[in-house]
Amino acid sequence: MNKFTRTLIATLAVAALPLISIAADASSKVARTASTVTTQDGVELYYKDWGPKNGQVVMFSHGWPLNSDSWESQMQFLAEKGYRVIAHDRRGHGRSSQPWDGNDMDHYADDLSAVIKALKVKDVTLVGFSTGGGEVARYIGRHGTKLVKKAALISAVPPIMVKTEWNPNGVPMSVYDGIREASNKDRSQLYLDIASGPFFGFNREGAKPSQGMIQSFWRQGMMAGAKNTYDSIAAFSATDFREDLAKFDVPTLVVHGDDDQLVPIETTGKASAALIKNSKLIIYKGAPHGLADTHKEQLNQDLLNFLQSK
């Protein structure tokens, strides 16, 4: 090798160092961007991170078939109070990837863990609505409470929704089979029917339907994947969370409406509160399933009181 060749190789090697460094740096950041976290199985999860970065962390898990937009009222309220509020779109929902597989509670819980680890947060208060309450329960069941300060279950599906030998007053499986059938037949109409009826209690006598709430529910639902939302029906209805609830060892708030037509309080909210040590149950008289919208001021204040409590 002559002098010219050696000099050329050395020059190219030095010039390549910044590129190598940039590539390595980029590779190290693949798992997280300003608005996405990528899981180990390659699913990209969209997330929002609002409020002061040094604030006490509150993380929200949404219901079916919605996304993190459904928490906007609570997130804005708490962020303005100085809390750091984070919410992600569940896999298959909203702006996240729509993987064919993994639409089950174990994956949902592990995805929540991936967001927590990627953002490097701790002393987190986990808040789960409906299906998201199952996600929070399964997260604690699988990952413990090392990074968790408190938990809140809002209109949540645990301990189990479907009728079983242990849960004789649960919802018959035929109901969920009907939802699956309707999802395949006309998913768009299904979401309109749920939103204009039992979700917000607009089917009750004297109710004044909000077209804004109905359209927001429909929009969020249609952003989700058809296969993902279909599979998720089994995840929220048939998953047994009793063993997960037994592992709760942090202060827990349970909020449920006593006119919840979709997730009946007797076999869910009241049953969860009875199974969770150190839990507090607040019942909203006359409130429907979607109380995060219909009773948002009340829920916002109850969450703030819970966060501020010792």
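No hydrogens, no waters, no symmetry mates; every other heavy atom, side chains included, goes into these values.
Not counting sequence neighbours, the partners of S196 by the side chain to side chain contact (heavy atoms under 4.5 Å, CB included) test are I214. Residues satisfying the side chain to side chain contact (heavy atoms under 4.5 Å, CB included) test with A156, not counting sequence neighbours, are L153, P158.
Within the model, atoms CG of D302 and CG of L291 stand 10.0 Å from one another, a figure rounded to the nearest 0.5 Å. For the atom pair OG (S272) and CG (L245), the distance works out to 5.0 Å, reported to the nearest 0.5 Å. The distance from the CG atom of L45 to the OG1 atom of T36 is 8.5 Å, given to the nearest 0.5 Å. Note: T39 OG1 to E44 CD = 9.5 Å, rounded to the nearest 0.5 Å. Atom-to-atom distance recorded for Y230:OH and E181:CD is 9.5 Å, nearest 0.5 angstrom. Atoms CE and OG1, on M223 and T229 in that order, are 13.0 Å from each other to the nearest 0.5 Å.
Within the 4.5 Å cutoff, the side chain of Q189 has heavy atoms near those of the L192 side chain. Side-chain atoms of I160 and R242, non-hydrogen and from C-beta on, never get closer than 4.5 Å to each other. Contact check for D186 versus S188: side-chain heavy atoms found under the 4.5 Å cut-off. By the 4.5 Å heavy-atom criterion applied to side chains, H88 and S61 are counted as neighbours. The shortest side-chain heavy-atom distance between I282 and F306 does not fall under the 4.5 Å cut-off. M59 places none of its side-chain heavy atoms less than 4.5 Å from the side chain of Y47. The shortest side-chain heavy-atom distance between F241 and L275 does not fall under the 4.5 Å cut-off. Counting only heavy atoms from C-beta outward, the side chains of L262 and I194 approach each other to under 4.5 Å.
A pairwise comparison of heavy atoms in I276 and S279 identifies O-OG, 3.0 Å as the closest pair. Of all heavy-atom pairs spanning G269 and L281, the tightest one is O-CD1, 4.2 Å. For F129 against G290, the heavy-atom pair with the smallest separation is CZ-CA, 4.2 Å. Listed here is the closest heavy atom pair of A79 and P52: O-CD, 4.0 Å. Of all heavy-atom pairs spanning P288 and H295, the tightest one is CD-CE1, 3.8 Å. Pairing each heavy atom of S73 with each of K296, the nearest pair is OG-CD, 3.4 Å.
Remark: side-chain polar atoms of D89 are paired, donor with acceptor, to backbone N or O of R95 under 3.5 angstrom. At distances below 3.5 Å, at least one donor-acceptor pair connects side-chain atoms of Q74 with backbone N or O atoms of A292. Distance alone, capped at 3.5 Å, places no donor-acceptor pair between the S97 side chain and the V43 backbone. At distances below 3.5 Å, at least one donor-acceptor pair connects side-chain atoms of Q220 with backbone N or O atoms of N67. With hydrogens and angles ignored, the 3.5 Å screen pairs no side-chain donor or acceptor of K48 with any backbone N or O of A87. Of the possible donor and acceptor atoms, one in the side chain of T268 sits under 3.5 Å from a partner among the backbone N and O of P264.
A donor-acceptor pair shorter than 3.5 Å can be found between the side chains of K150 and S309. No side-chain donor from either of Q301 and E297 sits under 3.5 Å from a side-chain acceptor of the other.
Pairs of residues two or more places apart, or lying in two chains, that qualify as side-chain hydrogen bond (donor to acceptor under 3.5 Å, both in side chains) and include a residue from residues 244-254 are R138-D244, T145-D249. For residues 54-81, the pairs satisfying ring-ring contact (aromatic ring centres under 6.0 Å, His included) are F60-W71, H62-H93, W64-Y191, W64-F236, with sequence neighbours left out. For residues 110-132, the side-chain hydrogen bond (donor to acceptor under 3.5 Å, both in side chains) pairs, not counting sequence neighbours, are R91-D111, D110-R142, D110-H143, S130-H289.
Each of D259, N203, D260 was compared with P198 under the side-chain contact (heavy atoms from CB on, under 4.5 Å) criterion, and only N203 meets it.
Linking ILVMFWY side-chain heavy atoms closer than 4.5 Å, directly or via other members, places L190 and M213 in a single hydrophobic cluster. By the criterion of side-chain heavy atoms lying less than 4.5 angstrom apart, applied directly or through intervening Ile, Leu, Val, Met, Phe, Trp or Tyr residues, V263 is grouped together with W166 in one hydrophobic cluster. Residues V162 and I233 are members of one and the same hydrophobic cluster, defined by side-chain heavy-atom contacts under 4.5 angstrom among Ile, Leu, Val, Met, Phe, Trp and Tyr. Cluster annotation: I179 is connected to F217 through the hydrophobic network of ILVMFWY side chains, with a link wherever side-chain heavy atoms come within less than 4.5 Å. Residues V127 and Y46 are members of separate hydrophobic clusters, defined by side-chain heavy-atom contacts under 4.5 angstrom among Ile, Leu, Val, Met, Phe, Trp and Tyr.
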Under 3.5 Å donor-acceptor pairs involving side-chain atoms of residues 171-178, not counting sequence neighbours:
{"unit_1": "D177", "atom_1": "OD1", "unit_2": "R180", "atom_2": "NH2", "d": "3.0"}

*Give the intermediate values and the outcome of side chain to side chain contact (heavy atoms under 4.5 Å, CB included) for residues L303 and Y83.*
CA-CA 12 Å; L303 285 174; Y83 291 87; over 6 Å; no
